[in-house]
Amino acid sequence: MELGLVGLGKMGGNMRERIRRAGHTVIGYDRNPDLADVHSLGELVGKLKGPRVVWVMVPAGGPTQATVDELAELLEPGDIVVDGGNSRWTDDEKHAVELGIKGIGFVDCGVSGGVWGLENGYALMYGGAKEHVAKVQPIFDALKPEGDFGSVHAGKVGAGHFAKMVHNGIEYAMMQAYAEGWELLEKVDSVTDVREVFRSWQEGTVIRSWLLDLAVNALDDDEHLDRLRGYAEDSGEGRWTVEAAIDNAVPLPAITASLFARFASRQDDSPQMKMIAALRNQFGGHAVEKK
C-alpha cells in the first residue's frame, strides 16, 4: 500500500526504511529537504492515491496540532491520519473530532523501539475505530517485530497513546531501579568489578531485560560513566502518567519517585542519573551531556 509519512527524524526515518523493506510505498516529508521525498504537505497528499493514509511523526503539542490542522484542509473524506508521535491521549480525542467533522478518520499509535526499531521492529499500541485501524493494518504489520506479539489494538481513540504513556512510566521506574543498584555497587569497597556484576545478571536472573543489556553496553563504553554528567531529561510522558494516576486515584509510588529523581538530577551531578542518561542514549539515541 501507499503511505504518506510526515517527520523523518531518528524514528521516522528508520520507520520509512522498514516499511519500504516490507514492500510498501512511502512518500516522506520533513522540514529538512535533505531527508524529504517531497517539499510540502500539499505535494505529499497530491502524490498519494485515495483513500489516503498519512502517518504523522512530529513532536507532540504545537507541531502535531499544526500538522493535523494543515492535513484537515488537504485530505478528503475517507482518508486516515495516524498520529505516531508522543502526543497526549486527550489531544487524540480532540484531533479525532476535528478530523471527523470533515469525514477523515483518525488513529493514534504509541510507538516504542527507538533507534533499534529498524532492525528489531517497533512495539505498537494503537487506538481508534476498527474500520480505520483495518486500513492501516498493513503498515502496522510491516513495523511490528516478527512473531505473534508486539502490536495491539488497545481500544478507542486515545488508548494507544495512553498505553504508551504507561509503558514509558514503567520504563522510568525500571531504569531508576537499575541506576540505584549500580550506584550502591559502585559505592562499596568490597565489589571490585561492578560492570561484570551487571553482565552476570544477563542470564538466569529474574531481573534480566533489554534495559539490563543496554546498561552493560553503556558500561562497556564507559566503565564508570565518568564521561557523563548526572543529568537526565524527562519526555513529558512520565509526568502525564503521574497526573493520570492522580486523576484516577491509582497509587504509583515507584513511577512517581523515578520522575522526581529526574528532577533531582537538575540540581546535582547525580551518579544515578549518569546511568539513566546512558540508558536513554542507548535505547533511544537521546542526547547526553558530557562533563
Side-chain angles (χ1 to χ4, degrees), residues 7-18 57-60 84-87 109-125 143-147 149-152 160-161 163-183 194-195 198-199 201-203 205-225 227-241 254-255 258-259 261-262 265 270-290:
L8 302 170
K10 287 180 293 187
M11 288 278 282
N14 282 346
M15 289 168 64
R16 173 176 61 177
E17 178 60 23
R18 186 172 174 88
M57 287 295 293
V58 302
N86 284 330
S87 294
C109 183
V111 181
S112 181
V115 296
W116 300 83
L118 174 58
E119 299 301 330
N120 297 341
Y122 299 87
L124 306 173
M125 298 141 271
L143 287 170
K144 68 179 287 294
E146 293 184 10
F149 306 107
S151 70
V152 60
H161 280 142
K164 176 59 164 47
M165 176 194 75
V166 174
H167 165 280
N168 281 23
I170 294 169
E171 176 189 293
Y172 272 48
M174 291 177 66
M175 287 196 290
Q176 185 65 28
Y178 285 127
E180 291 175 8
W182 173 78
E183 182 179 0
V194 175
R195 177 177 60 187
F198 261 59
R199 198 187 310 279
W201 294 343
Q202 289 181 275
E203 298 292 341
T205 73
V206 73
I207 65 166
R208 65 190 185 274
S209 72
W210 186 43
L211 275 177
L212 178 62
D213 296 341
L214 295 176
V216 173
N217 288 349
L219 295 174
D220 282 339
D221 292 340
D222 181 5
E223 182 174 357
H224 302 288
L225 304 182
R227 298 197 301 269
L228 297 183
R229 182 183 166 216
Y231 178 98
E233 276 289 356
D234 65 285
S235 62
E237 288 171 302
R239 300 186 190 209
W240 299 343
T241 306
I255 292 173
S258 66
L259 174 64
R262 300 265 181 115
S265 81
S270 165
Q272 292 173 23
M273 288 305 135
K274 290 184 178 183
M275 176 58 79
I276 298 292
L279 283 169
R280 293 180 82 242
N281 177 257
Q282 286 284 326
F283 71 71
H286 300 291
V288 295
E289 293 199 9
K290 304 293 186 181

Engineer: Evaluate the side-chain proximity of R16 to M57: yes if any heavy-atom separation is below 4.5 Å, no if none is.
Structural biologist: no
Engineer: Not counting sequence neighbours, which residues clear side-chain hydrogen bond (donor to acceptor under 3.5 Å, both in side chains) with E237? List them please.
Structural biologist: N168
Engineer: Look at the rings of W210 and F283 and say which category their plane angle falls in: under 30° parallel, 30 to 60° tilted, over 60° perpendicular.
Structural biologist: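 Tilted.
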Engineer: Look at the side chain of H167 and the backbone N and O of V111, then say whether any donor-acceptor pair between them is shorter than 3.5 Å.
Structural biologist: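 Looks like no, no N/O pair under 3.5 Å.
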Engineer: Testing the basics here: between L118 and Y122, what is the closest heavy-atom pair and its distance to 0.1 Å?
Structural biologist: N-OH, 3.5 Å
Engineer: Within this structure, what is the CG-CE distance for the pair L225 and M275, rounded to the nearest 0.5 Å?
Structural biologist: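 One finds 5.0 Å between CG of L225 and CE of M275.
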Engineer: To the nearest 0.5 Å, what is the distance between CD on E171 and CG on L211?
Structural biologist: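 Separation between the atoms: 6.5 Å.
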Engineer: Hey, does W240 have a side-chain heavy atom less than 4.5 Å from the side chain of H161?
Structural biologist: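 No, side chains not in contact.
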Engineer: Quick check against the 3.5 Å criterion: does S112 have a side-chain atom that pairs as donor or acceptor with the backbone of A123?
Structural biologist: no
Engineer: Look up atom CH2 in W182 and atom CD1 in I276, then write down how far apart they are to the nearest 0.5 Å.
Structural biologist: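 Reported to 0.5 Å precision, the distance equals 10.5 Å.
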Engineer: Determine yes or no for a side-chain-to-main-chain donor-acceptor pair under 3.5 angstrom, with K144 supplying the side chain and F149 the backbone.
Structural biologist: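 Between the backbone of F149 and the side chain of K144 there is a qualifying donor-acceptor contact (under 3.5 Å).
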Engineer: Mark yes or no for whether R18, through its side chain, and L143, through its backbone, hold a donor-acceptor pair below 3.5 Å.
Structural biologist: yes
Engineer: As an exercise, state the distance from CD of Q202 to CD1 of I207, rounded to the nearest 0.5 Å.
Structural biologist: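 If I round to the nearest 0.5 Å, the distance is 10.5 Å.
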Engineer: Report the distance from atom CD1 of I170 to atom CE of M165, rounding to the nearest 0.5 Å.
Structural biologist: 10.5 Å
Engineer: Tell me yes or no: between the side chains of T241 and Y172, is some donor less than 3.5 Å from an acceptor?
Structural biologist: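 Absent: no donor and acceptor within the cut-off.
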Engineer: For a 4.5 angstrom cut-off between non-hydrogen side-chain atoms, does L259 reach Q176?
Structural biologist: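 No, too far: nothing below the 4.5 Å cut-off.
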Engineer: For D221, give me all partners under side-chain hydrogen bond (donor to acceptor under 3.5 Å, both in side chains), at least two apart in sequence or on another chain.
Structural biologist: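 For D221 the side-chain hydrogen bond (donor to acceptor under 3.5 Å, both in side chains) partners, ignoring immediate neighbours, are Q282.
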Engineer: Could you tell me whether the side chain of R199 reaches within less than 4.5 Å of the side chain of D220, counting heavy atoms only?
Structural biologist: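 A side-chain contact exists here, since the closest heavy-atom pair is under 4.5 Å.
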Engineer: Looking at A232 and S265, what are the two nearest heavy atoms and their distance?
Structural biologist: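 Closest pair (atom of A232, atom of S265, distance): N-OG, 3.1 Å.
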Engineer: Check K10 against G284 and note the closest heavy-atom contact, atom names and distance.
Structural biologist: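 It is NZ-O, 3.7 Å.
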Engineer: Do L214 and Y178 come within less than 4.5 Å of each other through their side chains, counting heavy atoms only?
Structural biologist: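 They are not in contact (no side-chain heavy atoms under 4.5 Å apart), so the answer is no.
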Engineer: Measure the spacing between CE of M125 and NZ of K164 and express it to the nearest 0.5 Å.
Structural biologist: 6.0 Å
Engineer: Is a side-chain donor or acceptor of R262 paired with a backbone partner of E233 at a separation under 3.5 angstrom?
Structural biologist: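 Checked: pair present.
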Engineer: Taking all non-hydrogen atoms of both residues, which atom of G169 and which atom of I255 are closest, and how far apart?
Structural biologist: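 In this case the closest contact between G169 and I255 is O-CG1, 3.3 Å.
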